[in-house]
Amino acid sequence: CGVLTESPGLYNGLSARRNLDTFAQLYGVSNVAAQIEKYLRLLSLWDRRDQPAGTFSKGMKQKLDCYQIASSGGVAHKAARVKFLMILLF
């Protein structure tokens, strides 16, 4: 839990927004649309929200993958937030 792998666990054929929506629904995230918009804006990916994840760089995919980990809750949630902040800062 809370591990970011070499290959992000995203569906390349789905848009960034649809990938995040899929995992948010799976993990029971409340207010999904607002959370996704907030996250994509934070990552400066809002303008690319409807582009397939497969067109993104590896780093961009890993940032999206952090949302998947963070939205799962529990212990992984805190670890993912720390990892996410580290990615943003460095």
Side-chain angles (χ1 to χ4, degrees):
C1 286
V3 175
L4 190 60
T5 63
E6 181 71 19
S7 300
L10 300 170
Y11 296 100
N12 287 328
L14 295 180
S15 69
R17 181 184 356 209
R18 186 69 182 122
N19 263 289
L20 297 184
D21 182 68
T22 299
F23 291 110
Q25 297 290 339
L26 179 67
Y27 295 123
V29 172
S30 60
N31 200 11
V32 174
Q35 293 296 327
I36 289 172
E37 181 175 350
K38 176 181 168 184
Y39 188 79
L40 290 175
R41 286 188 185 280
L42 181 66
L43 296 176
S44 300
L45 292 176
W46 182 248
D47 291 340
R48 297 191 65 189
R49 65 189 174 273
D50 294 320
Q51 293 180 0
T55 65
F56 291 177
S57 69
K58 182 178 175 181
M60 291 167 65
K61 288 179 183 179
Q62 287 178 324
K63 288 177 183 179
L64 287 174
D65 203 29
C66 280
Y67 178 86
Q68 173 191 342
I69 296 167
S71 65
S72 66
V75 175
H77 182 72
K78 288 184 180 178
R81 282 186 177 220
V82 170
K83 183 167 281 201
F84 170 70
L85 290 173
M86 289 175 64
I87 288 171
L88 287 179
L89 294 172
F90 300 103

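Computed from a prediction, not measured in an experiment: that's the story for all the values here.
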Can you tell me how far apart CZ (R41) and CG (D47) are? Round to the nearest 0.5 Å. 7.5 Å
Heavy-atom pair with the smallest gap, counting every atom of L64 and L20: O-CD2, 3.7 Å
Value rounded to 0.5 Å, distance of CH2 in W46 from CZ in R17: 5.0 Å
Which pair of heavy atoms, one from P52 and one from G13, lies closest together, and at what distance? CB-O, 4.3 Å
Return the minimal non-hydrogen interatomic distance between K61 and N12, and the atom names on each side. NZ-OD1, 3.5 Å
Using every non-hydrogen atom in the two residues, find where L45 and M60 come nearest and quote the distance to one decimal. CD2-CE, 3.2 Å
What residues, two or more places apart in sequence or in another chain, satisfy side-chain hydrogen bond (donor to acceptor under 3.5 Å, both in side chains) together with R49? none
Quick one: pull up CG in L10 and CZ in F56 and give me the separation to the nearest 0.5 Å. 9.0 Å
Nearest non-hydrogen partners of L14 and N19, listed with the distance: O-ND2, 3.2 Å
Value rounded to 0.5 Å, distance of OG in S57 from NZ in K63: 7.5 Å
